[in-house]
Amino acid sequence: MKRFQAIEGLRGWLAWTVVLAHLAYCSGFNEGTLAAQLRSLGLPAVLVFLIVSGFVITHVIVEKSEAYPVYLAQRFARLFPLFAATCIVGFFTNDLLAISLTSPGFNDSEFAKVANGVAASNHKYFWSHLLAHVTMLHGAISNAALPYSEYAFNMPAWSISLEFQFYLVAPLIICIIRNEIFIPVLAITIAICELWFKSFVGTVQPGALPLAASYFVVGIVSRLTYPYVEGHNWLVPAVALAIVLFPLRSELRPFLIWFIVFFGLPQKCHERPGLAANIYSWALTNPAAQYFGSRSYSIFLCHYPVISAIVWSVFSYSGAAPGMLLLSFLSIPATIIVSELTYRYIELPGINVGRRAAAWMQPPITSGVASQ
């Protein structure tokens, strides 16, 4: 299959953006413009991740044409091993973080309240959370039914539940979108579901698929229209449009970031490098971006338990939670090391299990020539 280097690099940037947001929260860094900007980075980065997933999964489905059980087995094997490992570790590090944030010097009572609520819910509703996480459907469960269902065990993993929900229905959605007759029906259904969930269910994070379906659909449509974009160079117009619209509405920013990356994918954009193409290539296809992109899933799931453990270690030593700079200095190298280990010894083995399962489930290919 064709691989898109720029998308791999984008994943690396997005993963570290989420890390920075959580560093700001866990250090209590919440005063001033810089603190507000850092804290606001996390959710938009995850929303861009969702668009990327829509694009990549559509690419897989279009290019491979696998049977649904084969496709789902590979997707489950890709997500679950690392997800399960970090949830196990996160169950314990959530307690450590909650203890640490009770220090008098911690400057964010609201986040401390959330951290304590997650830790308490982990214990009080342990078996319910365990069942929800084994199915990876915890993000779809209302907090009214199961308190802190989205955040339990490993807080960033609410979006992994959302990914898996999408994987379950992606082939059907893609099939509908490829049939133009049903596109209006799908659009109306998504709009009604989003409105209903926001009005009657309500959630801070879009952990249930109907609340985030539009992001996945943008990724799906992007991949299906990519053959029409491939022969054109629309990178500069995309950048110009993003610059104009970016300050206007924050809700548009995940889409604008994606459009810049998407319209820079065609090879034609880089045949005659200009300023925009050079910056694009430098930012997304350089070796560091590619390295972190390949480990982005590990970075995304491992960083929060790592940060929590380091906050507790500093608290145990000094009696106070660490500040933003100290926490970053300690957590970023630790996250890189842990992510490399989990990538090698959990992620890659899980991917290989998925491939072996797919090979076993695929029906044998016959030659079609009758023996004489």
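Everything numeric here is computed off the predicted structure, so don't read it as measured data. Counting from 1, the numbers follow the sequence of the chain as shown.
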*Are Phe263 and Cys269 close enough that some pair of their side-chain heavy atoms sits under 4.5 Å apart?*
no
In short, side-chain hydrogen bond (donor to acceptor under 3.5 Å, both in side chains) pairs touching residues 28-37 with sequence neighbours left out are Asn30-Asn107, Glu31-Asn107
*Determine the interplanar angle of the Phe292 and Trp16 rings, folded into 0 to 90°, and report it as parallel if under 30°, tilted if 30 to 60°, perpendicular if over 60°.*
perpendicular
Item to complete: Return the orientation label for the Phe4 and Phe55 ring planes: parallel under 30°, perpendicular over 60°, tilted otherwise.
Response: perpendicular
Next item on the list: Would you confirm whether Trp13, through its side chain, and Ala283, through its main-chain N or O, come within 3.5 Å as a donor-acceptor pair?
Entry: yes
Any chance you could lay out the side-chain contact (heavy atoms from CB on, under 4.5 Å) test for Leu79 and Tyr297, step after step, and finish with the verdict?
CA-CA 9 Å; Leu79 290 182; Tyr297 186 51; 3.6 Å; yes
Value for CG (Leu50) from CH2 (Trp258), rounded to nearest 0.5 Å, stands at 12.0 Å
Shortest non-hydrogen pair, Arg344 vs Pro349, comes out as O-CD, 3.2 Å
Closest non-hydrogen contact found for Ala77 with Gly350 is CB-O, 3.4 Å
Requested in this report: Take Asn278 and His270 through the test side chain to side chain donor-acceptor pair (under 3.5 Å) and record every step on the way to the result.
Outcome: CA-CA 8 Å; Asn278 286 334; His270 309 279; over 6 Å; no
Using a 6.0 Å cut-off, check whether atom CH2 of Trp234 has over 12 heavy atoms from anything other than its own residue. yes
Shared hydrophobic cluster for Leu20 and Phe329 (ILVMFWY, side-chain gaps under 4.5 Å)
yes
Any non-hydrogen side-chain atom of Phe216 less than 4.5 Å from a side-chain atom of Ile173? no
Verify, without hydrogens or angle tests, whether Gln165 (side chain) and Leu209 (backbone) share a donor-acceptor contact under 3.5 angstrom.
yes
I'd like to know if Leu341 and Leu301 are part of one continuous hydrophobic network [Ile/Leu/Val/Met/Phe/Trp/Tyr, side-chain heavy atoms within less than 4.5 Å].
no
CG of Asn154 to OH of Tyr151, rounded to nearest 0.5 Å, is 12.5 Å
| message | Let me check something: do Leu10 and Ile279 share a hydrophobic cluster, defined by ILVMFWY side-chain heavy atoms less than 4.5 Å apart, either directly or through other members? | response | no
> Can you find a heavy atom in the side chain of Val229 that is under 4.5 Å from one in the side chain of Phe262?
Replying inline: yes
Ile260 and Leu235 have their tightest heavy-atom pair at O-CD1, 3.6 Å
Please check if Ile99 and Tyr304 belong to a single hydrophobic cluster, counting links between Ile, Leu, Val, Met, Phe, Trp and Tyr side chain heavy atoms closer than 4.5 Å.
no
Problem - Cation-aromatic face contact Arg39/Tyr25, 6.0 Å, 45 degrees - result: yes
If you group Ile, Leu, Val, Met, Phe, Trp and Tyr by side-chain heavy-atom gaps below 4.5 Å, do Leu146 and Leu137 land in one group?
-> no
Rounded to the nearest 0.5 angstrom, the CZ-OG1 distance for Phe49 and Thr17 is 8.5 Å
Step-by-step side chain to side chain donor-acceptor pair (under 3.5 Å) determination, His129 to Ser121 = CA-CA 9 Å; His129 284 306; Ser121 183; 2.8 Å; yes
Next on the checklist: Assess the residue pair Tyr226 and Leu265 against the criterion (side-chain contact (heavy atoms from CB on, under 4.5 Å)); give the C-alpha distance rounded to whole Å, side-chain angles, the decisive distance to 0.1 Å, and a yes or no.
Outcome noted: CA-CA 9 Å; Tyr226 180 72; Leu265 290 177; 3.8 Å; yes
Centre-to-centre under 6.0 Å for Tyr215 and Phe255, is that the case here?
yes
Query raised in the report: Quick one: does Thr285's side chain have a donor or acceptor within less than 3.5 Å of a partner on Trp282's backbone?
Result: no
Within the supplied structure, the quantity of interest is the number of heavy atoms (other residues, nucleotides, ligands) at a distance under 6.0 Å from Tyr68 OH; does it exceed 12? yes
Heavy-atom nearest pair, Ala73 first then Met361, reads CB-SD, 3.9 Å
### Message
Regarding Glu63 and Arg223, does a basic nitrogen lie under 4.0 Å from an acidic carboxylate oxygen?
### Response
yes
Item to complete: Could you go through the side-chain contact (heavy atoms from CB on, under 4.5 Å) check for Leu23 and Ser331 one step at a time?
Response: CA-CA 8 Å; Leu23 285 169; Ser331 298; 3.8 Å; yes
Notebook entry, point to check: Above 12 or not: heavy atoms from other molecules or residues under 6.0 Å from CG of Leu326?
Noted result: yes
message: Check the orientation of Phe91 and Phe126. Use parallel for under 30°, tilted for 30 to 60°, and perpendicular for over 60°.
response: perpendicular
> Thinking salt bridges, do Glu230 and Lys268 make one under a 4.0 Å N-O criterion?
Replying inline: no
Considering only heavy atoms from C-beta outward, does the side chain of Val353 approach that of Arg356 to under 4.5 Å? yes
**Working for side-chain contact (heavy atoms from CB on, under 4.5 Å), residues Glu150 and Ser161** = CA-CA 8 Å; Glu150 293 174 318; Ser161 172; over 6 Å; no
Point to revise | Flag side-chain contact, heavy atom, 4.5 Å: Met136 against Glu163 | key: no
Worksheet item: Is Leu284 close to Gln290 at the side-chain level, that is, under 4.5 Å between some pair of heavy atoms?
Response: no
Donor-acceptor check, side chain of Ser339 to backbone of Ile336, threshold 3.5 angstrom: yes or no? no
The reported gap from CD1 in Ile61 to OH in Tyr167 (rounded to nearest 0.5 angstrom) is 10.0 Å
- Message: Taking Phe300's backbone N and O only, do any of them form a donor-acceptor pair with His303's side chain (distance below 3.5 Å, no angle check)?
- Response: yes
- Item | Ion pair Lys113/Asp108, N-O distance below 4.0 Å | no
Can you check whether His138 and Tyr148 have ring centres sitting under 6.0 Å from each other? no
Next on the checklist: A side-chain contact here means heavy atoms from C-beta on lying under 4.5 Å apart; do Tyr291 and Pro287 qualify?
Outcome noted: no
Output, in order, the C-alpha distance, side-chain angles, deciding distance and verdict of side chain to side chain donor-acceptor pair (under 3.5 Å) for Trp312 and Thr93.
-> CA-CA 8 Å; Trp312 177 79; Thr93 56; over 6 Å; no
So CZ of Arg253 and CG of Leu41: to nearest 0.5 Å the spacing works out to 10.0 Å
Quick note, salt bridge (charged side-chain N to carboxylate O under 4.0 Å, His left out) partners involving residues 73-90, not counting sequence neighbours, are Arg78-Glu347
So does Ala152 get a backbone contact from the side chain of Asn94, meaning a donor-acceptor N/O pair under 3.5 Å? no
Interatomic distance, CG@Leu224 vs CD1@Ile220, rounded to 0.5 Å, equals 7.5 Å
For Ala98 and Ala119, the nearest pair of non-hydrogen atoms, with its separation, is CB-CB, 3.9 Å
Taking every heavy atom of Pro44 against every heavy atom of Ser40, the minimum-distance pair comes out as CD-O, 3.1 Å
| field | Side chain proximity check, Phe111 to Cys26, heavy atoms < 4.5 angstrom | value | yes
